[in-house]
2 protein chains.
Amino acid sequence: MKESAICPRLAKAMELLGKRWTTLILYQLLEGPQRFNEIESALPVSGRLLSERLKELEKEGIVERKVYTEVPVRVEYFLTDKGNALEGAIREVEKWSQCWIK
Amino acid sequence: MKESAICPRLAKAMELLGKRWTTLILYQLLEGPQRFNEIESALPVSGRLLSERLKELEKEGIVERKVYTEVPVRVEYFLTDKGNALEGAIREVEKWSQCWIK
DNA sequence: TCAACTTGCTTACTTTTCGTAACTAGATGT
DNA sequence: ACATCTAGTTACGAAAAGTAAGCAAGTTGA
(Lines give C-alpha, C1' and ligand atoms only; values in the text may rest on other atoms or scores of the structure.)
Protein backbone atom coordinates (compact mmCIF):
# COMPACT_ATOMS: atom_id res chain seq x y z
CA MET A 1 0.00 0.00 0.00
CA LYS A 2 1.10 3.50 -0.74
CA GLU A 3 0.09 6.67 1.00
CA SER A 4 -3.27 8.14 0.21
CA ALA A 5 -4.26 11.70 -0.53
CA ILE A 6 -7.77 11.21 0.76
CA CYS A 7 -9.06 11.86 4.24
CA PRO A 8 -8.02 9.07 6.58
CA ARG A 9 -11.37 9.16 8.36
CA LEU A 10 -13.28 8.48 5.18
CA ALA A 11 -10.74 5.83 4.26
CA LYS A 12 -11.28 4.18 7.63
CA ALA A 13 -15.05 4.43 7.26
CA MET A 14 -14.90 2.78 3.86
CA GLU A 15 -12.60 0.08 5.14
CA LEU A 16 -15.46 -0.88 7.46
CA LEU A 17 -18.49 -0.21 5.31
CA GLY A 18 -16.78 -1.41 2.17
CA LYS A 19 -16.43 -4.92 3.51
CA ARG A 20 -18.79 -7.43 2.03
CA TRP A 21 -22.13 -7.69 3.90
CA THR A 22 -21.33 -5.02 6.46
CA THR A 23 -23.73 -2.39 5.14
CA LEU A 24 -26.50 -4.92 4.55
CA ILE A 25 -26.13 -6.15 8.12
CA LEU A 26 -26.46 -2.57 9.37
CA TYR A 27 -29.44 -2.04 7.07
CA GLN A 28 -31.05 -5.08 8.64
CA LEU A 29 -30.38 -3.72 12.13
CA LEU A 30 -32.08 -0.44 11.25
CA GLU A 31 -35.29 -2.47 11.63
CA GLY A 32 -34.48 -2.88 15.31
CA PRO A 33 -32.63 -5.33 17.52
CA GLN A 34 -32.29 -8.73 15.93
CA ARG A 35 -31.03 -12.18 16.78
CA PHE A 36 -28.17 -13.91 15.08
CA ASN A 37 -30.42 -16.30 13.21
CA GLU A 38 -32.77 -13.54 12.12
CA ILE A 39 -29.98 -11.65 10.43
CA GLU A 40 -28.59 -14.83 8.95
CA SER A 41 -31.99 -15.68 7.47
CA ALA A 42 -32.61 -12.20 6.14
CA LEU A 43 -29.35 -11.98 4.22
CA PRO A 44 -27.46 -14.32 1.94
CA VAL A 45 -24.56 -14.37 4.38
CA SER A 46 -23.19 -17.44 6.13
CA GLY A 47 -22.90 -17.79 9.89
CA ARG A 48 -19.17 -17.73 9.58
CA LEU A 49 -19.05 -14.30 7.93
CA LEU A 50 -21.92 -12.90 9.97
CA SER A 51 -20.11 -13.80 13.16
CA GLU A 52 -16.93 -12.20 11.86
CA ARG A 53 -18.66 -8.99 10.77
CA LEU A 54 -20.65 -8.59 13.96
CA LYS A 55 -17.46 -8.87 15.97
CA GLU A 56 -15.81 -6.19 13.87
CA LEU A 57 -18.81 -3.90 14.22
CA GLU A 58 -18.95 -4.51 17.95
CA LYS A 59 -15.28 -3.70 18.25
CA GLU A 60 -15.87 -0.44 16.38
CA GLY A 61 -18.73 0.48 18.67
CA ILE A 62 -21.30 0.40 15.88
CA VAL A 63 -23.22 -2.60 17.12
CA GLU A 64 -23.87 -4.02 20.59
CA ARG A 65 -24.53 -7.57 21.65
CA LYS A 66 -26.90 -8.61 24.41
CA VAL A 67 -27.27 -12.15 25.69
CA TYR A 68 -30.56 -13.35 27.17
CA THR A 69 -30.02 -16.55 29.08
CA GLU A 70 -33.26 -18.12 28.03
CA VAL A 71 -34.02 -21.53 26.63
CA PRO A 72 -32.42 -21.81 24.23
CA VAL A 73 -30.11 -18.86 24.61
CA ARG A 74 -31.12 -15.70 22.78
CA VAL A 75 -28.56 -13.20 21.56
CA GLU A 76 -29.65 -9.84 20.21
CA TYR A 77 -27.63 -7.36 18.21
CA PHE A 78 -28.56 -3.71 17.95
CA LEU A 79 -27.13 -0.43 16.71
CA THR A 80 -25.38 1.99 19.03
CA ASP A 81 -25.67 5.76 18.51
CA LYS A 82 -22.68 5.51 16.22
CA GLY A 83 -24.47 2.80 14.29
CA ASN A 84 -27.76 4.65 14.10
CA ALA A 85 -25.89 7.69 12.81
CA LEU A 86 -25.30 5.69 9.64
CA GLU A 87 -28.98 5.63 8.80
CA GLY A 88 -28.79 8.71 6.59
CA ALA A 89 -26.03 7.21 4.49
CA ILE A 90 -27.72 3.85 4.19
CA ARG A 91 -31.06 5.41 3.23
CA GLU A 92 -29.33 7.42 0.53
CA VAL A 93 -27.90 4.25 -0.95
CA GLU A 94 -31.32 2.65 -0.72
CA LYS A 95 -32.90 5.61 -2.56
CA TRP A 96 -30.22 5.49 -5.22
CA SER A 97 -30.75 1.79 -5.75
CA GLN A 98 -34.51 2.32 -6.17
CA CYS A 99 -33.93 5.01 -8.78
CA TRP A 100 -31.01 3.61 -10.73
CA ILE A 101 -30.80 -0.14 -10.43
CA LYS A 102 -32.87 -1.88 -13.07
CA MET B 1 -25.77 -18.64 -1.29
CA LYS B 2 -29.33 -18.80 -0.11
CA GLU B 3 -32.18 -16.53 -1.04
CA SER B 4 -32.33 -13.14 0.58
CA ALA B 5 -35.26 -11.35 2.18
CA ILE B 6 -33.86 -7.94 1.36
CA CYS B 7 -34.61 -5.85 -1.68
CA PRO B 8 -32.65 -7.14 -4.67
CA ARG B 9 -31.96 -3.61 -5.87
CA LEU B 10 -30.26 -2.67 -2.65
CA ALA B 11 -28.43 -5.98 -2.67
CA LYS B 12 -27.21 -5.25 -6.18
CA ALA B 13 -26.19 -1.74 -5.22
CA MET B 14 -24.20 -3.03 -2.30
CA GLU B 15 -22.59 -5.68 -4.41
CA LEU B 16 -21.14 -2.83 -6.43
CA LEU B 17 -20.49 -0.21 -3.79
CA GLY B 18 -19.39 -2.78 -1.24
CA LYS B 19 -16.43 -3.84 -3.32
CA ARG B 20 -13.11 -2.64 -2.06
CA TRP B 21 -12.10 0.80 -3.41
CA THR B 22 -15.24 1.34 -5.46
CA THR B 23 -16.74 4.05 -3.29
CA LEU B 24 -13.40 5.79 -2.81
CA ILE B 25 -12.90 5.82 -6.56
CA LEU B 26 -16.34 7.39 -7.00
CA TYR B 27 -15.56 9.89 -4.23
CA GLN B 28 -12.44 10.84 -6.12
CA LEU B 29 -14.43 11.30 -9.33
CA LEU B 30 -16.84 13.65 -7.56
CA GLU B 31 -13.98 16.16 -7.87
CA GLY B 32 -14.42 16.03 -11.63
CA PRO B 33 -13.02 14.04 -14.56
CA GLN B 34 -9.71 12.43 -13.77
CA ARG B 35 -7.01 10.45 -15.47
CA PHE B 36 -6.06 6.93 -14.60
CA ASN B 37 -2.82 7.98 -12.95
CA GLU B 38 -4.49 10.76 -10.98
CA ILE B 39 -6.89 8.35 -9.36
CA GLU B 40 -4.13 5.82 -8.80
CA SER B 41 -2.03 8.48 -7.05
CA ALA B 42 -4.88 9.79 -4.94
CA LEU B 43 -5.85 6.41 -3.50
CA PRO B 44 -3.90 3.50 -2.07
CA VAL B 45 -5.15 1.28 -4.86
CA SER B 46 -2.98 -0.51 -7.36
CA GLY B 47 -3.29 -0.16 -11.12
CA ARG B 48 -4.49 -3.71 -11.33
CA LEU B 49 -7.50 -3.16 -9.09
CA LEU B 50 -8.19 0.35 -10.37
CA SER B 51 -8.40 -0.97 -13.90
CA GLU B 52 -10.71 -3.76 -12.78
CA ARG B 53 -13.01 -1.43 -10.81
CA LEU B 54 -13.23 1.18 -13.54
CA LYS B 55 -14.26 -1.50 -16.01
CA GLU B 56 -17.00 -2.70 -13.67
CA LEU B 57 -18.24 0.84 -13.10
CA GLU B 58 -18.19 1.54 -16.81
CA LYS B 59 -20.16 -1.62 -17.48
CA GLU B 60 -22.76 -0.52 -14.91
CA GLY B 61 -23.04 2.89 -16.51
CA ILE B 62 -21.74 4.71 -13.46
CA VAL B 63 -18.50 5.91 -15.01
CA GLU B 64 -17.50 6.82 -18.54
CA ARG B 65 -14.15 6.64 -20.22
CA LYS B 66 -12.84 9.11 -22.75
CA VAL B 67 -9.61 8.70 -24.66
CA TYR B 68 -7.67 11.72 -25.90
CA THR B 69 -5.16 10.65 -28.51
CA GLU B 70 -2.48 13.05 -27.41
CA VAL B 71 1.18 12.39 -26.76
CA PRO B 72 1.29 10.47 -24.64
CA VAL B 73 -2.27 9.25 -24.65
CA ARG B 74 -4.62 10.74 -22.08
CA VAL B 75 -7.58 8.82 -20.69
CA GLU B 76 -10.17 10.52 -18.54
CA TYR B 77 -12.81 8.93 -16.38
CA PHE B 78 -15.90 10.77 -15.24
CA LEU B 79 -19.24 10.12 -13.58
CA THR B 80 -22.41 9.64 -15.59
CA ASP B 81 -25.77 10.88 -14.27
CA LYS B 82 -26.14 7.56 -12.54
CA GLY B 83 -22.75 8.06 -10.94
CA ASN B 84 -23.41 11.62 -9.92
CA ALA B 85 -26.65 10.49 -8.31
CA LEU B 86 -24.50 8.72 -5.75
CA GLU B 87 -23.14 11.99 -4.42
CA GLY B 88 -25.75 12.22 -1.66
CA ALA B 89 -24.92 8.79 -0.34
CA ILE B 90 -21.18 9.35 -0.49
CA ARG B 91 -21.47 12.73 1.25
CA GLU B 92 -23.49 11.12 4.02
CA VAL B 93 -20.75 8.58 4.60
CA GLU B 94 -18.22 11.39 4.56
CA LYS B 95 -20.21 13.32 7.17
CA TRP B 96 -20.55 10.24 9.33
CA SER B 97 -16.84 9.59 9.19
CA GLN B 98 -16.10 13.17 10.25
CA CYS B 99 -18.40 12.86 13.25
CA TRP B 100 -17.73 9.33 14.38
CA ILE B 101 -14.30 8.12 13.29
CA LYS B 102 -11.61 9.04 15.82
C1' DT C 1 -30.77 -42.13 31.25
C1' DC C 2 -29.89 -40.36 27.30
C1' DA C 3 -30.60 -39.37 22.40
C1' DA C 4 -32.55 -35.39 20.00
C1' DC C 5 -33.35 -30.48 19.38
C1' DT C 6 -32.24 -25.51 19.47
C1' DT C 7 -29.26 -21.40 19.19
C1' DG C 8 -25.11 -19.31 18.40
C1' DC C 9 -21.34 -19.88 17.01
C1' DT C 10 -16.29 -22.28 15.36
C1' DT C 11 -13.33 -25.26 12.41
C1' DA C 12 -11.74 -27.25 8.25
C1' DC C 13 -11.35 -26.99 3.56
C1' DT C 14 -11.94 -25.04 -1.23
C1' DT C 15 -12.52 -21.16 -4.31
C1' DT C 16 -12.24 -16.33 -5.28
C1' DT C 17 -10.26 -11.94 -4.75
C1' DC C 18 -6.39 -8.92 -3.56
C1' DG C 19 -1.63 -6.95 -3.36
C1' DT C 20 2.91 -6.50 -5.33
C1' DA C 21 5.81 -6.20 -8.82
C1' DA C 22 7.22 -6.94 -13.35
C1' DC C 23 6.04 -6.46 -18.03
C1' DT C 24 3.59 -4.78 -22.61
C1' DA C 25 1.72 -1.50 -26.27
C1' DG C 26 1.70 2.54 -28.85
C1' DA C 27 3.54 7.01 -29.92
C1' DT C 28 7.12 9.81 -29.70
C1' DG C 29 11.97 12.22 -28.73
C1' DT C 30 17.39 11.86 -29.00
C1' DA D 1 18.17 1.79 -31.97
C1' DC D 2 17.05 3.06 -27.43
C1' DA D 3 14.86 5.54 -23.62
C1' DT D 4 10.42 7.80 -22.10
C1' DC D 5 5.55 8.44 -21.16
C1' DT D 6 0.72 6.78 -20.10
C1' DA D 7 -2.36 3.24 -19.46
C1' DG D 8 -2.86 -0.58 -18.68
C1' DT D 9 -2.04 -6.40 -18.29
C1' DT D 10 0.08 -10.63 -16.43
C1' DA D 11 1.90 -13.76 -13.03
C1' DC D 12 1.92 -15.38 -8.60
C1' DG D 13 1.70 -15.80 -3.52
C1' DA D 14 -1.32 -14.18 0.31
C1' DA D 15 -5.61 -13.02 2.23
C1' DA D 16 -10.55 -13.21 2.33
C1' DA D 17 -14.90 -15.41 1.27
C1' DG D 18 -18.07 -19.51 0.45
C1' DT D 19 -19.62 -24.09 2.02
C1' DA D 20 -20.44 -27.54 5.05
C1' DA D 21 -19.77 -30.00 9.11
C1' DG D 22 -19.07 -29.88 14.08
C1' DC D 23 -19.60 -28.20 18.92
C1' DA D 24 -21.32 -26.56 23.68
C1' DA D 25 -25.00 -25.66 26.73
C1' DG D 26 -29.46 -26.21 28.25
C1' DT D 27 -34.14 -28.73 27.64
C1' DT D 28 -37.39 -31.66 26.15
C1' DG D 29 -39.24 -36.36 25.04
C1' DA D 30 -39.16 -41.46 25.53
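The chains referred to below are lettered A, B, ... by the order of the sequence lines, with proteins before strands, and numbering in each begins at 1. Since the model is a prediction, treat every value here as computed from it, not as a measurement.
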Minimum-distance nucleotide to A/Arg20 side chain [options: D/dT6, C/dT10, D/dA17]: D/dA17
B/Glu92/B/Lys95 salt bridge by N-O under 4.0 Å criterion: yes
Of the listed nucleotides D/dG18, D/dA7, C/dG8, the one nearest the side chain of B/Arg74: D/dA7
A/Glu38 vs B/Lys19, nearer the 5' end of DNA chain C by closest nucleotide: A/Glu38
Touch class at under 4.0 angstrom, heavy-atom based, for A/Arg35 against every strand present: sugar-phosphate
Residues B/Arg20 and B/Glu52 bridged, charged N to O under 4.0 Å: no
Residues B/Glu58, B/Lys55: salt bridge by 4.0 Å N-O rule: no
d(CH2, A/Trp21; C1', D/dG18) in whole Å: 10 Å
Residue A/Phe36, side-chain atoms from C-beta onward, closest of C/dC9, D/dG8, C/dT7: C/dC9
Proximity to the side chain of B/Arg53 - top-ranked nucleotide from C/dC18, D/dG8, D/dA7: C/dC18
Nucleotide C/dT17, atom C1' - distance to CG of B/Leu50 in whole Å: 16 Å
Touch class at under 4.0 angstrom, heavy-atom based, for B/Arg48 against every strand present: base
SB check B/Glu76 B/Arg74 (cutoff 4.0 Å): yes
Sugar-phosphate only, base, or nothing, as touched by B/Tyr77 at under 4.0 Å among non-hydrogen atoms: sugar-phosphate
Gap between atoms CZ and C1', on A/Arg65 and C/dG8 respectively (whole Å): 8 Å
